[in-house]
Structure formats: structure tokens, C-alpha cells
Undergrad: 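Let me give you the structure first, and then I'll get to my questions.
Being a predicted model, the structure only gives us computed values, none of them experimental.
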Amino acid sequence: RKNVAGFSAIVMWQPGMPCLGSFSGVAFGFLLAIMSTLLHGCSRSKQLLYNPGRHTLSVHSETQREFRLYVPKAAATGIPLPILLAMPGLNNDPDRFLEFPDLVAFAEIEQFYIVECISENGKFNVGLNSQPAPNQPDDVAYVKAVLEKVRSKLPIDSRRIFCMGLSRGGRFCIRLASELSDLVAAVAIVSGLRYPHPNNSTRPMPVIAFHGTGDWIDPYKGGGPKYWGPATVPQELGNWARFNSCQHSTQMELLGESSGVILERHTHCTSKADAVLYSIKGGQHANYETPNHLYNPKPHTHDKVNVTSLIWNFLSEHPMPNDTQVALYSLIDFGRYGNTLWSLPQRFPTDMHAVGWSNALLFAIILLFAGLVILGWRRLQTMKPWSDMQSTRPLRIQELSSTSLLQVMQD
């Protein structure tokens with residue numbers, strides 16, 4: 001396969017990688033070609049495209065839930081694309097949420113899927129301290145089921161699954177950042193920034209937020225509804241910055257004092273997990289369908305801030321950090337979709353069943369065989385030629401004269 005040959009060249013010549021030798025490099029590339037032929041051939045029958053629109057799935061094998069999907073034209077190429085999980089606010093019309101400023105246009109240009117999660121009864125299960133309420137829908141299990149459904153149909157870049165939420169949907173993204181940090185790479189929060197207590201995230205979490213100082217629903221200075229809590233929005237950003245071990249902070253007013261937008265950035269964080277807040281002076285609670293709030297009706301941006309552009313630029317720059325899982329699960333996706341290894345998504349143990357243990361076992365066997373071939377060849381290269389062995393072979397006694405034998409005994 002053409003892409004396999006390209007990958008073998010990368011393995012042999014990428015700077016900083018150990019040289020395997022010409023023969024072993026070719027052998028490794030040949031083995032990759034075999035893997036691609038076997039496994040990609042088995043997966044060729046899989047449906048790689050998923051129709052946009054509403055879809056239904058089961059959660060806990062009994063509850064029927066819906067979600068909406070937008071698929072950009074680039075999905076037809078079979079290249080793994082990022083996912084943006086879109087979380088509407090309280091009682092937002094799910095059929096209109098994709099009217100969020102320029103979101104669909106950005107998805108087409110930047111090539112990412114939009115997966116709009118639809119809550120039951122118009123509200124996601126998230127309360128004070130970003131914790132769930134008892135006896136309410138298991139929305140975290142629902143999101144995991146949605147991702148499983150989508151990834152079974154479409155080639156996705158699992159290192160680039162992001163969550164963007166508005167108001168209550170933003171607070172639900174915070175809950176996902178805490179409870180699904182192995183899946184969600186970064187979050188963008190509009191009029192809903194909070195910090196979870198406890199924070200169950202297993203790694204630093206990049207966060208970008210937008211909030212109006214005149215918001216009376218989710219007050220910028222804290223207080224208000226019980227679910228909101230007493231902390232101010234900047235204090236909650238500071239909590240994220242401390243959690244991410246950020247070492248540098250800056251605050252500035254964009255485009256001079258008349259812009260009405262204050263940018264607070266916490267950088268030099270662990271795993272580059274920045275925490276960023278755009279404070280809109282006098283801005284009200286954001287509503288995608290209401291003009292003269294955080295956005296103007298046309299062109300759907302704040303006077304000085306293109307919110308959608310800032311959100312996507314931030315998220316796309318903060319994929320899931322690389323770790324030891326990337327190599328294994330990228331290899332699995334290599335067999336599944338037959339694309340270049342380095343561009344493939346990271347997979348996690350929770351979705352191994354979606355790929356199949358037989359494929360994983362086959363990969364392990366082939367990789368073991370490849371390792372043995374390479375080690376054997378390296379061993380052969382270190383062995384002395386037969387001519388050298390002939391010249392240094394031990395002398396037989398019958399070849400020695402009596403004088404020589406006496407000399408040897410004396411020595």
C-alpha cells in the first residue's frame with residue numbers, strides 16, 4: 001500500500017529515531033504492508049460514513065436517547081477527524097442549537113464533526129460543584145454511548161474530542177472534564193465556567209471560557225441560584241489554573257480600554273493545559289437565539305471577539321497529551337482504517353471491544369514476529385564471518401610437531 005510505504009520511510013529516517021539498518025527497515029515496512037492488507041481488508045466492509053441528522057441509541061440497554069450529528073464533506077476521505085461535543089443550555093431548542101455563531105461553517109472549513117447531545121427534559125444532570133443529582137438521568141453514560149456509536153461508524157481522531165457548552169451545557173462540559181478526562185481533551189465554556197468539587201480528572205485539563213460581567217442568571221461575581229455557588233468566575237478560572245499547575249498569568253484589555261473585553265491567561269502549565277477567560281464588560285447571559293447579548297445576530301460575534309473562532313483555535317491546539325497508550329491504540333486503528341499511523345487517533349481500553357480482541361491479538365503476534373526478525377538480523381550482523389572463524393579455529397593436537405607440543409605444554 002502506498003501509505004504503508006510512506007510510513008516505512010518515516011520509521012527509517014525520522015530524526016531522533018534509532019536506525020534499524022537497511023534490511024530491517026525494509027522488512028519492517030514489508031510487515032506493515034502485510035498488517036494493512038490483512039486488517040484493512042477485514043475492515044473494508046465497515047461503514048465509514050454516517051448520515052447527518054438525528055440518531056437514536058440505547059443507554060443501559062433500556063433508555064432511548066437522541067443526538068444530532070453534523071458530518072463535514074471531508075469525512076468522505078476516510079481521514080480521522082476531531083469531534084466537537086456541543087451541549088445546549090437549559091431548555092434550548094436542540095433543533096436550533098447548531099445556529100450557534102458560525103459553528104457549522106467552521107466545522108466545514110476546519111473539518112470536524114459536531115455531535116450535539118440532547119438532554120432529557122431540556123436539562124443536563126449537573127448541579128452544585130458540577131456534581132450530578134440523584135435519581136436523574138446518567139448523562140455521562142449517555143455521552144460515552146454517543147461516542148461509541150459515532151466512532152463505530154466514522155473514523156474519528158480520538159485525541160481530539162472536545163466539549164463546548166452554553167450555560168448549563170457548559171457546566172455539564174465541566175462535569176465531563178472531571179469524569180471523562182480520558183476521552184475529553186479540552187473544554188470551552190460560554191456563560192457557565194465552574195470548577196468541580198471534587199475534581200476527578202486524572203490529568204491537567206485545558207479550559208477556555210467566555211462570560212459577561214452583567215450576567216444575572218449565572219452571576220460573574222458568584223451567588224445567585226443554588227447550583228451556581230459563591231465563587232466568582234475569575235476565581236473558578238484560578239482553580240483550574242492551580243489544578244493545571246500553571247506558572248505564568250497575564251491579564252490585558254483587548255484592543256485598548258474601549259474594547260470592553262478583558263483577557264486573562266494562565267500559561268506554562270503542565271501538559272500545556274492553559275486556562276483562559278474572556279470577560280465581556282456588561283455582557284449578559286449568552287443565548288444563541290437572542291440578539292444584543294454576548295453575540296450580535298449578524299455576524300454572530302461580539303463587537304471585538306469572534307467567539308467561535310477563538311473557541312476552535314484554542315481547542316484544536318490542545319489535543320489529548322501523548323502517552324504510552326497512543327502507540328497501541330493507533331496501531332489498532334491502523335488496522336481498522338488503513339491510514340498513516342502517525343495521524344491516527346488514540347484509543348482507550350474502554351472501547352477495545354469496538355475493534356475486536358482478535359485484531360489486537362493478531363497485531364501483537366505480528367509485532368512479536370517483527371521484533372524477532374530484527375533482533376535475529378542484528379545478531380547475524382555481529383557474528384564473525386566463516387573465513388574469520390576458520391583462521392581462529394583451535395589447533396588439533398595431531399597437527400602439532402613434538403617440539404611445538406612441548407612448547408605449548410610449557411606455556
Undergrad: Of the non-hydrogen atoms in Gly170 and Ile189, which two are nearest, and what is the gap between them?
TA: O-CD1, 3.3 Å
Undergrad: Check the side chains of Arg265 and Ser249 for a donor-acceptor pair under 3.5 angstrom, ignoring hydrogens and angles.
TA: no
Undergrad: Between Ile118 and Pro94, is there a side-chain heavy-atom distance shorter than 4.5 Å?
TA: yes
Undergrad: Looking just at side-chain N and O atoms, do Glu264 and Thr250 make a donor-acceptor pair shorter than 3.5 Å?
TA: no
Undergrad: Kindly determine whether Glu116 and Phe67 satisfy side chain to side chain contact (heavy atoms under 4.5 Å, CB included), including the steps that lead there.
TA: CA-CA 6 Å; Glu116 180 190 357; Phe67 66 94; over 6 Å; no
Undergrad: Give a yes-or-no answer on whether the side chains of His211 and Ser279 include a donor-acceptor pair shorter than 3.5 Å.
TA: no
Undergrad: Which pair of heavy atoms, one from Arg160 and one from Ser316, lies closest together, and at what distance?
TA: NE-O, 4.4 Å
Undergrad: Can you see whether His60 engages Asp138 through a side-chain donor-acceptor pair at a distance of less than 3.5 angstrom?
TA: yes
Undergrad: Would you please indicate if the ring centroids of Tyr195 and Trp240 are separated by under 6.0 Å?
TA: yes
Undergrad: Find the distance between CG (Leu85) and CD1 (Ile114) and round it off to the nearest 0.5 Å.
TA: 11.0 Å
Undergrad: Give a yes or no answer on whether the side chain of Asn125 reaches the backbone of Pro137 with a donor-acceptor pair at less than 3.5 Å.
TA: yes
Undergrad: When you compare the side chain of Ser191 with that of Phe210, does any pair of heavy atoms fall below 4.5 Å?
TA: no
Undergrad: Any carboxylate oxygen within less than 4.0 angstrom of a Lys/Arg side-chain nitrogen, looking at Glu253 and Lys281?
TA: yes
Undergrad: Report the distance from atom CG of Asp218 to atom CH2 of Trp228, rounding to the nearest 0.5 Å.
TA: 4.0 Å
Undergrad: Which value, rounded to the nearest 0.5 Å, describes the distance between Arg168 atom CZ and Tyr227 atom OH?
TA: 7.5 Å
Undergrad: Looking at every non-hydrogen atom in both residues, tell me the closest pair between Thr308 and Leu103 and how far apart they are.
TA: CG2-CA, 4.1 Å
Undergrad: Tell me whether His318 contacts the main-chain N or O of Lys272 through its side chain, where contact means a donor paired with an acceptor under 3.5 Å.
TA: yes
Undergrad: Heavy atoms only: give me the nearest Asn239-Glu236 pair and the separation to one decimal.
TA: ND2-OE1, 2.8 Å
Undergrad: Would you check, one step at a time, whether the test side chain to side chain contact (heavy atoms under 4.5 Å, CB included) holds for Phe112 with Leu315?
TA: CA-CA 12 Å; Phe112 61 88; Leu315 295 178; over 6 Å; no
Undergrad: Heavy-atom distance under 4.5 Å between the side chains of Met252 and Ile262, does that happen here?
TA: no
Undergrad: Taking Ser181 for its side chain and Thr202 for its backbone only, find out whether a donor-acceptor pair lies under 3.5 Å.
TA: yes
Undergrad: Taking the side chain as everything from C-beta on, heavy atoms only, tell me whether Tyr113 gets closer than 4.5 Å to Leu84.
TA: no
Undergrad: Rounded to the nearest 0.5 Å, how far apart are NE2 of His268 and NE2 of His248?
TA: 6.0 Å
Undergrad: Indicate yes or no for a side-chain donor-acceptor contact from Arg194 to the backbone of Ser130 under 3.5 Å, with no hydrogens or angles considered.
TA: no
Undergrad: What's the verdict on side chain to side chain contact (heavy atoms under 4.5 Å, CB included) for Asp139 and Glu120, showing C-alpha distance, side-chain angles and the deciding distance?
TA: CA-CA 9 Å; Asp139 284 334; Glu120 288 193 345; 5.6 Å; no
Undergrad: So Leu81 and Ile156, do their side chains get closer than 4.5 Å, heavy atoms only?
TA: no
Undergrad: Is there a side-chain contact between Val187 and Leu176 in this structure, where contact means two heavy atoms from C-beta onward sitting under 4.5 Å apart?
TA: no
Undergrad: Output yes when a side-chain donor or acceptor of Glu148 lies under 3.5 Å from a complementary backbone atom of Ala145, and no otherwise.
TA: no
Undergrad: I need the Thr267 OG1 to Asn244 CG distance, nearest 0.5 Å.
TA: 11.5 Å
Undergrad: Taking all heavy atoms of Gln284 and all of Gly214, pick out the closest pair and write down the distance.
TA: OE1-O, 3.1 Å
Undergrad: Would you confirm whether Asn199, through its side chain, and Ser201, through its main-chain N or O, come within 3.5 Å as a donor-acceptor pair?
TA: yes
Undergrad: Check whether NZ of the Lys or CZ of the Arg Arg65 lies under 6.0 Å from the centre of the six-membered ring of Tyr142 and within 45 degrees of that ring's axis.
TA: yes
Undergrad: Calculate, to the nearest 0.5 Å, the distance between atoms OG and CG belonging to Ser167 and Asp215 respectively.
TA: 7.5 Å
Undergrad: Which heavy atom of Lys73 sits nearest to which heavy atom of Glu108, and what is that distance?
TA: N-OE2, 3.1 Å
Undergrad: Does Ile161 form a side chain to side chain contact (heavy atoms under 4.5 Å, CB included) with Arg151? I'd like the steps, not just the answer.
TA: CA-CA 11 Å; Ile161 298 176; Arg151 81 166 80 221; 4.2 Å; yes
Undergrad: Under 4.5 Å between any side-chain heavy atoms of Val233 and Thr213, yes or no?
TA: no
Undergrad: Using side-chain heavy atoms (C-beta onward) and a distance below 4.5 Å, is Pro88 in contact with Phe124?
TA: yes
Undergrad: If you measure from the Lys or Arg side-chain nitrogens to the Asp or Glu carboxylate oxygens, is any gap between Arg175 and Glu179 under 4.0 Å?
TA: yes
